[in-house]
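Let me begin by presenting the structure, written as structure tokens, before commenting on it.
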Amino acid sequence: MKHILILTTIAVLLLTACAKKDDPIPSNNNKATLSIQFDNIVGAKNLQLNTGTYINAAGETFTISLLQYYISNIKVKTGDGKEFVVPQDSSYFLVSEAAGASQFVKVQVPEGDYTSLSFVLGVDSLRSTMDISKRTGVLDPSTGMDGAMYWGWNSGYIFFKMEGISAAAPADPSGQHKFRYHVGGFGGYAAVTMNNIKTISIDLNAGGIPKVRQGRESNVHLMVDVLKMFNGATNISIANNPTVMFSDFSVKVANNYASMFSHDHTEN
Amino acid sequence: MSKQPWIVLAVLATGMYACSKSADVVAAFIGFRQPANFPAPVYHLDDNHITQAGFELGRKLFYEPRLSRNNTISCGDCHIQTAAFTHHGHDVSHGIDDRLGSRNAPPIMNLAWHTTFMLDGGVFDLDLQPIAPITNFVEMDETLDNVLKKLKAHPQYPALFKKAFGSEEITTARMMKALSQFMVMLVSAGSKYDKVMRKEGKTFTADEQAGYTLFQQKCSACHAEPLFTDHSFRNNGIGAGPNNDEGRYPITLNTADKYKFKVPSLRNLAYTAPYMHDGRFYTLDGVLDHYTSEVQNMPTLDPLLKQNGRLGISLTAAEKQQVLAFLNTLNDKAFITDKRFSEQAQ
């Protein structure tokens, strides 16, 4: 009896899997939801705000109190090379570790099987210089309180913001041993300045191709390893650089964090 | 024959209609006007049509202390009309909780012709400019989000936003557009110089004319007419101050920009002392003495100030007096007393 149950279960599972596999790729223009999950981790550990402790390559122990970054300009491509660009007005997202829902970026794309995904970490220069009436939602400079993602003194968005506590950081005027990494820079408007806009391209073949169909929601589960912001081409030391904002050094931080995204799996 | 009375009546009616119309126009709001001796403005007026309701809302916001964290500091506190919208008498300004800034409050005038804002040019659109003082720790120390909340809860603002923008919705963009409408309207083009240039019945005295000639030879390469700035960033050799303010460098991270500041306009100098980015000179005599004999050589010193193996600008004592006489023709009393630009009774 037990065997029959197990066999039946296996058969059902196989059939379901087969049914999914054989699901024909629709050739219509019906749109459906594609979800992209930004699961923030620190090396081998899940990121836990304030409570989790981590160590970087410089040997410094730290906790993270705030993590926010912009994801924008999302594009997907099918195996046969058909690219779909999510309309720009619906393609700006602010991922915040403190806000669970923000970690699922949902876009409407045509039904299809997508083998690659790309997005911008940050805000493109065009939108960064657009009339203020075009900066709504997460791009409204009033967004966020302590987590404000806009520089008023040097017009532009903060693309990536991570703050935390580490004994390695010198005491700031308030007595806290805090590190602050606020990275932005879209290339400048009136004069050419640094450009920290990063375009991230991810191949989805190995981790599982999202089969976007109406009536269900494919979820591309990305791991975002913020330890890579510290450990990379330049190993960032909190003691040496506790505060990185609009400076040449921020280019090194941005080059590091550009590699923090990896595709773990896809839930179809 | 019988037609004539009708014609007379028609002419009369047309005449009366025209009169009543022109009377209306005079009483009505006069929007933005480009002075005849000015170039076309660069502010994007097409994205922000100036209306009476928008201008008046902007004016109210400009004088609104709720823009600051504890409702004590308004834009008008450091940008005082009688001082051509500077903080007259203050080298640097004191903002919220009497915290001191590190730079001299620049005048707010003729901003419609500016391509960048702030002494370091860090802001490239007038609509984004107010965010800087509102969120600055030593100025207003407030968040935009909280300002919007306060305005939404205010008994007057929702109706004023409706009047200006068609609905009671209060957004960042609408608040900024209204502030821009007010600031763009702050046009100073009523000085004696302007009247001479526009041939409105004024003429320079002999000293003023001599000063004007000297100005054109020795100053106008940076302080270009008619705005008296070419909007560029330059190091004028005053040397780093005690706080080593590097000017435009932190904005561009280009070492060639170290110690460069935006060339200020020379309009309304009588009302805007002290001078320079940190207000270090209290008189125009001091400023001219700097240019003739105190310019310091630095790697980024403007090339115009080290020509022919000499630092600075050569001017005799008599020539300085003539230059001062000319500069005095750039003061615009009508601008600093124009009631449209003043804080209105509640």
Point-to-point distance, once rounded to the nearest 0.5 Å, from [atom1] of [X] to [atom2] of [Y]:
X	Y	atom1	atom2	result
B:K177	A:D131	NZ	CG	3.0 Å
A:Y189	B:D125	OH	CG	7.5 Å
B:L128	A:R135	CG	CZ	5.0 Å

Heavy-atom neighbours of B:K262 NZ exceed 12 at 6.0 Å: yes

Flag if over 12 foreign heavy atoms under 6.0 Å of NZ, B:K163: no

Can B:D47 and A:K134 be counted as an ion pair, charged N to O under 4.0 angstrom? no

Please name the pair of heavy atoms, one in [X] and one in [Y], separated by the smallest distance, quoted to 0.1 Å.
X	Y	value
A:S142	B:D145	O-CB, 3.4 Å
A:N154	B:P250	ND2-O, 4.0 Å
B:A173	A:S133	CB-CA, 3.8 Å
B:F124	A:S155	CE2-CB, 3.4 Å

Part of B:N254 within contact of chain A (heavy atom distance under 4.5 Å): neither

Counting only non-hydrogen atoms closer than 4.5 Å, does B:T252 touch chain A with its backbone (N, CA, C, O), its side chain (CB onward), both, or neither? both

Assert top hit (heavy-atom pairs under 4.5 Å, partner chain A, pool B:M176, B:R174, B:R248) equals B:R248

Name the region of A:S250, side chain, backbone, both or neither, that has any atom closer than 4.5 Å to a heavy atom of chain B. neither

A:T129, part contacting chain B, at a heavy-atom distance under 4.5 Å: both

Assess the residue pair B:T135 and A:W153 against the criterion (side chain to side chain contact (heavy atoms under 4.5 Å, CB included)); give the C-alpha distance rounded to whole Å, side-chain angles, the decisive distance to 0.1 Å, and a yes or no. CA-CA 9 Å; B:T135 57; A:W153 63 278; over 6 Å; no

Could you check whether any side-chain heavy atom of B:L253 comes within less than 4.5 Å of a side-chain heavy atom of A:T193, counting everything from C-beta outward? no

